[in-house]
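Single-structure report; data block below.
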Amino acid sequence: MTDFARERMTQLLAEIRAADIAYHVHDNPIIGDSQYDALFAELKALEAEHPEWVEPSSPTQRVGAKPVGGFQEVRHQVPMLSLDNVFSVEEFRAFVQRVQERLGSVKQLQWTAEPKLDGLALSIRYVRGQLIQAATRGDGETGEDVTANVRTIASVPLRLAGYAWPEHLEVRGEVIMKRVHFDQMNADLAQRGEKTFVNPRNAAAGSLRQLDPALVATRPLSFYAYGVGALSAPLGESHDAVMQALKACGIPVNPGRIVGDAAAMEAAYVDLLHQRAELPYEIDGLVVKVNALSHQDTLGFVQRAPRFATAWKFPAQEARTRLLAVEFQVGRTGAITPVARLEPVFVGGVTVSNATLHNFDEIARLDCRPGDAVIVRRAGDVIPQLVRVLTELRQTELPRIERPRCCPVCQSPVEQAEGEAVLRCSGGLVCRAQRLEHFKHFVSRRAMDIEGLGEKLLASLIDAEVITTPADLYRLKAAQLQALDRMGPKSAANVIDAIEASRDTTLARFIYALGIRDVGEATAAALATHFGSLEAMSTAETDALLAVPDVGPVVASHVSSFFASAQNRAVIEALRTLGVRWPDPPQHVVDALPLSGQTWVLTGTLETMTRDAAGDRLRELGAKVSGAVSAKTSCVVAGPGAGSKLDKAVSLGITVWDEGQLIQLLEAL
Ligand code: IVH
């Protein structure tokens, strides 16, 4: 029995370590989360029965240490260097030229290109394959001992894989927090009323320097290696070979590639800059290194940085500027959004003069006041955000921003629903701002798709009271447009033609165009498919609405109250009388289809048919085909290469089929 237990523990350790490497190093999970959790729980139970067999490097032993009073100093055997920076292609070319001049005789130089991860540097010492010590960079000579904290980082192996490692191996790399984890953690902190972090780098640094390892364990940190420190034996002859060797030891490595010449490096820089916003973590440049270690040795170092590498920096994503004012914008549904007006500043590659403040609670949390020095942040194509106020630079008392009591546009009282952070104008379509947004939505491309009716034209038509409801658009005459906007006869005729053409639409577009709160395009399409007609939908009871995929109690109540309004019903009636129409619903009764009411998800590669074709067939049979797995999913069809969706399906206990089973069903129906 005990022999069996011991053998099982060894087997579990091997399986968990293999799963960890597949997940963290190769980005290619081999088992689902729930299977992993089951193996982990089994190991934990066996270790509890046999504490004498618990290995210090067991994955269950990541959080063991007690909180410490402070960190011990660690002297780095090999100093932790920094990188010189270049900021332009000219500076990059000058760097390449300097390297080539120093290596005079070398003709074909090979380079590596890697993202410059924006986190904090870490050195991890392994002795005979076991993690012994982890230290921060500090001043490069002496850092802080953060071993207990680093042991809690799931992607850092406590024991190296394989046997091909040198007896002493010091791995150097960056501790970071991925964007999703950062957003999730900040949302959790905010919900608990705790202080949030300004950016993922601060979150990573702040977390790693916590004194309580148990708390660090709750912080979702990741580690990627980009080099080595002290070694008892070489790992390879090039930087790339060293990285491959680290990977073989089970260490996650910063993804780099070999680049043949400096011109190709310029293309690599542009490529990475374009990928920047989509990467799972933040990067602030491209690190260029000479690949051959012999060349690196010849080049050597200047002061605290190597001559063989440089960081080609990207435009900064954060910048300091001044808050000029906070204005309140009123949206289509009356939501009042504060917008920060800023002194223009170049950040994230563009000039920014506005930033979002989300809601009034955010203003209170930041305590931003007109006149304050502030930090704005623009990461990728995300709307710029005001992330921090430099209150320490305030020279005089500045006036606080008051919560608006009435709508800045129509002066109607402002409302705030219980439990919601959003303030709303109660004016409805009386409010000019809401009316304008409502019209903008109605004519937008994915709604009624009326080209040429831009914001300015709509605003003047509203102000002149030519249009009050969307039905008025279908009564417009070219002469009215010409008179109002002083537009030429040709442009006026084009707008009228576009309005005319929009009369032929689909039920889904029409429902979307109505602008019912929280009814986006997907929900509108689901409502159209489910009910088949506007009459059925507008008279549906709550229970019937709740039967529609994607419709929950909140959306159901918005739909009901929209159709309860006599005014809304009158506008719809007028639109139909004016010729807005859509094809009749299909002749069959939607609910009678074999897969009606079911939601299917297709993931991975299908071999005998494309995913699109399979999706079309399922839809013909009445199923909804979704891109995401949820508790409402009826069945997931998984082909080779299926990843997180399959894992989620397994963890939610949802039926999983292979392609063969799907084909059998399609043939049978
Ligand atoms: S190599 C001897 N490679 O950037 C060269 N550093 O500004 C040492 N960093 O302290 C560094 N990504 O913390 C290197 N791919 C990468 C990197 C990288 C991020 C950080 C590292 C270093 C800092 C220098």
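Since the structure is predicted, the reported quantities are computational estimates derived from the model, not experimental observations. The residues of the chain are indexed from 1 along the displayed sequence. Ligands are counted one by one from 1 in listed order, and the atoms in each one are counted from 1 as well.
- The list of salt bridge (Lys or Arg N to Asp or Glu O under 4.0 Å) pairs with a residue in residues 294-310, not counting sequence neighbours, reads Glu141-Arg304.
- For ligand 1, residues of the protein lying within 4.0 angstrom by heavy-atom distance are Leu81, Ser82, Leu83, Glu114, Pro115, Lys116, Leu117, Ala121, Glu174, Tyr226, Asn254, Val287, Lys289, Pro306.
- The shortest distance between side-chain heavy atoms of Glu174 and Tyr224 does not fall below 4.5 Å.
- No donor-acceptor distance shorter than 3.5 angstrom exists from the side chain of Arg369 to the backbone of Ile401, with no hydrogens or angles considered.
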List, one per line, each side-chain donor-acceptor pair under 3.5 Å for residues 78-85, sequence neighbours excluded.
none

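- At most 12 heavy atoms of other shown residues, nucleotides or ligands fall within 6.0 angstrom of atom OH in Tyr23.
- Pairs of residues two or more places apart, or lying in two chains, that qualify as side-chain hydrogen bond (donor to acceptor under 3.5 Å, both in side chains) and include a residue from residues 147-166 are Asp145-Thr147.
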